[in-house]
**Q** 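One structure follows; several queries about it will come next.
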Amino acid sequence: MTAPVLLITGASSGIGAATARLAAGKGWRLVLAARSRQALRDLATELGGPTRAVAAACDIQDWEQVAALPARAEDAFGRLDAVFANAGVFTPTSFLHGTGSPERWREMVLTNVYGTALVARATLPALVRSRGHLVLTGSVTGRITVPGQLYSATKWAVTAMAQSIRAEAAGTGVRVTLLQPGLVDAGDTTPDRAADPRLRPEDVARTVLFALDQPDTVDINEIIIRPTGQAAHR
Ligand SMILES: NC(=O)c1ccc[n+]([C@@H]2O[C@H](COP(=O)([O-])OP(=O)(O)OC[C@H]3O[C@@H](n4cnc5c(N)ncnc54)[C@H](OP(=O)(O)O)[C@@H]3O)[C@@H](O)[C@H]2O)c1
C-alpha cells in the first residue's frame with residue numbers, strides 16, 4: 001500500500017513537531033503546517049525532503065490559506081488520509097484582574113476555536129473521500145473548571161467541536177479523535193506551574209499514533225493524558 005498522508009497544523013514545534021517525527025518513522029508522509037516557514041522547511045528536510053514531507057506555511061486564522069491545505073497534500077502526494085488539527089496558543093487571563101491587554105485574548109480565541117474550526121471545515125471533504133481520520137488537540141482544561149482561564153473555555157469549545165463533527169460525520173467513514181493533554185513541556189504556561197510535572201511532546205505524539213494506527217473500524221473518541229502526579233483539578 002502507498003504510504004498514507006498526514007497533515008499536521010502546529011507542526012513547527014512542540015506536540016506537532018514530535019508527532020511529525022514519530023509518524024515519519026512509522027512510514028507516514030507529512031504535510032507540515034504552521035506560520036514559521038523556516039522551521040517547517042528544516043523539519044521537512046530532516047524527515048526526508050519532498051517525497052516524504054512538505055512544508056505548508058499557513059495561518060489557521062486565514063480561510064484562504066487553510067482552504068489550500070488539502071490541495072497541497074493531494075498535489076504533493078495524491079491523497080490525504082489524516083489531519084491532526086493541533087495548532088493552538090495559550091495566553092494567561094483573569095476576568096477579575098489586569099494581566100495584560102485583553103487584545104491578546106482575541107488571538108487565542110481566533111486560533112484555538114475559529115482556526116481549528118476552519119481546519120476541520122477545509123479538510124473534512126477530503127477526509128470523507130479517503131474515509132480518513134481527524135484528530136483535534138483539546139486539553140485537560142477543556143473538561144475541568146479553571147478559575148479565570150479563557151484558554152480553558154477555548155478548549156471546552158474544541159471538546160464540543162470534536163463531538164459535533166463526529167455526530168455530523170457519522171456514516172461517512174471518518175473517525176474523529178479528541179486529544180486532551182495535561183501539562184506538556186512545550187508552548188507557554190503560567191509561573192505557578194513551573195514545578196508541576198510535565199509530559200514530553202513525544203509522550204503525546206505516541207497517543208496520536210495509537211489513535212491513527214487503529215483499524216478503520218475503530219474510532220478512538222477521546223484520549224486524556226496527564227503526566228504522572230498531575231493534580232486532577234489542573
Ligand atoms: N503545552 C501544554 O501544556 C499543552 C497542554 C494541552 C494542550 N496543548 C495544546 O497543544 C497544542 C500544541 O501546542 P504545544 O504545547 O505543542 O505548543 P507549541 O510548541 O507552542 O506549538 C503550537 C503550534 O501552533 C502553531 N500555531 C500557533 N498559532 C498558529 C496559527 N495562527 N496558524 C498556524 N499555526 C499556529 C505554532 O507554530 P507557528 O508559531 O510557527 O505558527 C506551533 O507550531 C495547542 O493546541 C495547545 O493548546 C498544550
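Just so you know, ligand 1 is whichever comes first in the structure, and atom 1 is the first atom listed for that ligand.
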**Q** Contact residues of ligand 1 with a heavy-atom cut-off of under 4.0 Å?
**A** G10, A11, S12, S13, G14, I15, A34, R35, S36, C58, D59, I60, N86, A87, G88, V89, T111, T137, G138, S139, Y151, K155, P181, G182, L183, V184, A186, G187

**Q** Please determine if D81 and R79 form a salt bridge, counting it only when a charged side-chain N lies under 4.0 Å from a carboxylate O.
**A** yes

**Q** Are a donor atom and an acceptor atom from the side chains of Q149 and S94 found within less than 3.5 Å of each other?
**A**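 No, S94 and Q149 have no side-chain donor paired with an acceptor closer than 3.5 Å.
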
**Q** Please determine if R21 and E202 form a salt bridge, counting it only when a charged side-chain N lies under 4.0 Å from a carboxylate O.
**A** no

**Q** Would you call R72-D75 a salt bridge at under 4.0 Å N-O?
**A** no

**Q** Check T2, V54, L6, T51 against R29 for a side-chain contact (heavy atoms from CB on, under 4.5 Å) and give me the one that passes.
**A** T2

**Q** Enumerate the residue pairs fulfilling ring-ring contact (aromatic ring centres under 6.0 Å, His included) with a member in residues 135-177, sequence neighbours excluded, ordered by first and then second residue.
**A**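 Applying ring-ring contact (aromatic ring centres under 6.0 Å, His included) to every pair that reaches into residues 135-177, excluding sequence neighbours, yields F90-Y151.
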
